[in-house]
Amino acid sequence: MKEFKLENEERWKRTHRCGDLTKKNKDQQITLVGWVASQRDHGGVIFIDLRDRWGITQVVFHPAQDESLIDQAKNLRMESVIGIQGKVVLRPANMVNKLLPTGEIEVTVSRLIVFNESKPLPFMIKDPCDAIDETRFKYRYLDLRRPQMQKNLFLRHRMAQIVRRYFDENEFVEIETPFLMKSTPEGARDYLVPSRIHQGRFYALPQSPQTYKQILMVSGFDRYFQIVRCFRDEDLRADRQPEFTQIDVEMSFVDEGDVMEVMEGLMVRLFKDVLGKSIHLPFCRIPYKEAMEKYGTDRPDIRFGLEIVGLDEIVANSGFHIFDETINQAGKVCGIRLPGVGPLSRKQVDEYTAFVKTFGAKGLVVIQITEEGIRSPIAKFVSDNTLQNIIMKLKGSVGDVIFIVAAESSVCLNALGNLRVQLAQDWNLINRNIFSLVWIVNFPLFEWSEVEGRFMARHHPFTSPKETDLDFLESDPEKVTAKAYDLVLNGSEIAGGSIRIHRRSLQKRLFETLGIDQATAERKFGFLMDALEYGAPPHGGIAFGFDRLVMLFAGEESIREVIAFPKTTRALSLMDGSPSEVDQEQLKELGLKLDLKDK
RNA sequence: GGGGCCGUAGUUCAACUUGGUUAGAGCGCCGGCCUGUCACGCCGGAGGUUGCGGGUUCGAACCCCGUCGGCCCCGCCA
């Protein structure tokens, strides 16, 4: 590798950026800096595509120029960083590159400096990237040079700015809350941070700034927001990272409708300013119960039909023991109808059966309505009458395929809810041009946890019950509805919030129902309970999953595509190698000893 | 914690089903040619601990077990 000198770098201050030059700049003497995006050596003339954040400009070396310049240009490698000085010239009409904004011109180079040569690359900087994820993550700095990744991060930036402007205009104040906070019992696993000064004690990284923002309401800030990192030590998914970004919002003296209205305004603004789309207000609101029954999930994608239909009455006492048994054990028999694409092959049916089994369903009953008649493995077990009733209830006609799951109620709905989405994808039933925004409301406040053997807060333990349900809090917790709301975009939960409890007495009752004894509640949440006793206003709020929102706006399938430095599904950072072991000295200073699980 | 797919040259893949001579190809890299390309083109060349460890076998990229890593899903994620 040749040495080069960086003499008098001032001279290499750029006059333009790589996306700037057009025929208006004809004959100007200019300086550009950037990366070598491609080098095309024709033996005589040499072309370089010079790239920076703003674009690409073709620069040309002509053989008439001095030898050392040509020699340098010949040896330029991809992704080396260079500066050039030269003259802007018009390209001959038949050489114009219509794909480039700068395609009408090129720069005839008279001077070249190589700021830094690049080694041969592990992969080409191009869209789409042809490297596997593992390689992309290891060389994330190269991956982030790709136009698509830059575009995604610019989009993320723009959305963050719009969010800030919107809330600022509406008199929300952005206040930073601590990253080092108290570990709390409920919820996800905490990331812990050992304290050096107080050995044996730990901070936790926030799962969300929930308690702080409530306390800011007690302090009278009335309207708060923050674009803030949150941390949850749980297993990862395409839409879940251990650290992720939330748009956190809280308001005082509001009810559910007030919070939703402000958020609808934000969504309207984002859709208009980012995507140029108008969306209709107010968003449709679906009660939790209806969402579960019709779509088998609390985050329904309503861009397509395939709604779930209950078949309990029709198949009760049908003589088909799987149906009968399910209903006897208080389970559910439900079906969905896939219109007009049948009949399906044996292989397709097997695949869908395997699919519902991953959600705990024991099997999948398929009824195919064909020109030749009805085909179904259950035809020999149930009466023609029952079969006809099922088809009638689902409004089936020739070419349709009906899928039925019989199982414990939540398993049945969950399996069909997921099958519904899978079918829509497989059979192209989703209109990609539509954005469906729905509020899910009237959530149950509690959920019975088999694992814990107690009721758990479905949202979080500070969520207010509806006043009408207060009497059931102790007697029949499952009946209590929460003042909670989720916002769902195309089947993705992008925000969730609630009106909070603002009186200590009610908060205490809630902890009791959750099986958190008074001492524990006092120890873990005493500061919040205390605050509620000093003039806490009625308040509520919401939090958006910012990464998911950006992902959906970017049309990406994974939030890793909109996070600069993401973790893998094993929560590793392949670029910097975190998490990593630390020196004994560091542990000692913190008063920690390792007691590792045997492998 | 569980299930599925995957790991072969710098890189992306093929060869694995059915074990058998020297593990192939594209891109990149190196050398040569080329004055209008824009993923330039043409000719030639180098480049491999088949993730790692063990087993089966006369013989393993291929079969088996374990392990590490990537992706997707279930559980989990107040």
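Every chain is numbered from 1, with letters handed out A, B, ... down the list of sequences.
- Using a 4.0 Å heavy-atom distance criterion, A:T463 is classed as making no nucleic acid contact.
- As judged by a 4.0 angstrom heavy-atom cut-off over every strand, A:R237 is placed among the base-contacting residues.
- Ranked by how close their nearest RNA chain B nucleotide is to the 5' end, A:R548 and A:A571 are led by A:A571.
- For A:F231 and A:F179, the gap between ring centers is short of 6.0 Å.
- Between the base of B:G28 and the side chain of A:R77 there is no donor-acceptor pair shorter than 3.5 Å.
- With A:F472 as the aromatic partner, A:K479 meets the cation-pi criteria of under 6.0 angstrom to the ring centre and within 45 degrees of the ring axis.
- Residue contacts for A:T358: at a heavy-atom cut-off of 4.0 Å it reaches the sugar-phosphate backbone alone, with no base atom in range.
- Other residues, nucleotides and ligands contribute more than 12 heavy atoms inside 6.0 Å of the CZ atom of A:F244.
- At a cut-off of 3.5 angstrom, counting only N and O atoms as typed in the model, there is no donor on one side facing an acceptor on the other between the side-chain of A:D235 and the base of B:C77.
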Check: residues 408-416 of chain A side-chain donor-acceptor pairs under 3.5 Å, at least two apart:
unit_1: A:E408; atom_1: OE1; unit_2: A:S410; atom_2: OG; d: 2.9
unit_1: A:E408; atom_1: OE2; unit_2: A:S410; atom_2: N; d: 3.3
unit_1: A:E408; atom_1: OE2; unit_2: A:S410; atom_2: OG; d: 3.4

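- A residue-by-residue look at A:E557 and A:R240 shows that A:E557 has its nearest nucleotide of RNA chain B further toward the 5' end.
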Detail all sub-3.5 Å separations between protein N/O atoms and N/O atoms belonging to nucleotides 42-48 of chain B.
none

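- Aromatic ring pairs are classed by plane angle as parallel below 30°, tilted from 30° to 60° and perpendicular above 60°; the pair A:Y139 and A:Y141 is perpendicular.
- Across the C1' atoms, B:C29 and B:C76 are found 47 Å apart, a figure rounded to whole Å.
- In this view, A:R237 satisfies the salt bridge (charged side-chain N to carboxylate O under 4.0 Å, His left out) rule with no residue, not counting sequence neighbours.
- Annotation: side chain of A:M263 is in contact with side chain of A:W439 (closest heavy-atom distance under 4.5 Å).
- Within 4.0 Å (heavy atoms only), A:F462 reaches no atom of the nucleic acid at all.
- Comparing B:G36, B:G69, B:C72 by their nearest atom to the side chain of A:V45 picks out B:G36.
- Within the 4.0 angstrom heavy-atom criterion, only backbone atoms of the sugar-phosphate kind lie near A:P122; the bases stay farther away.
- A:D133 comes within 4.0 angstrom of the backbone, heavy atoms only, and of no base.
- Straight-line distance between the C1' atoms of B:G59 and B:U18: roughly 16 Å, to the nearest whole Å.
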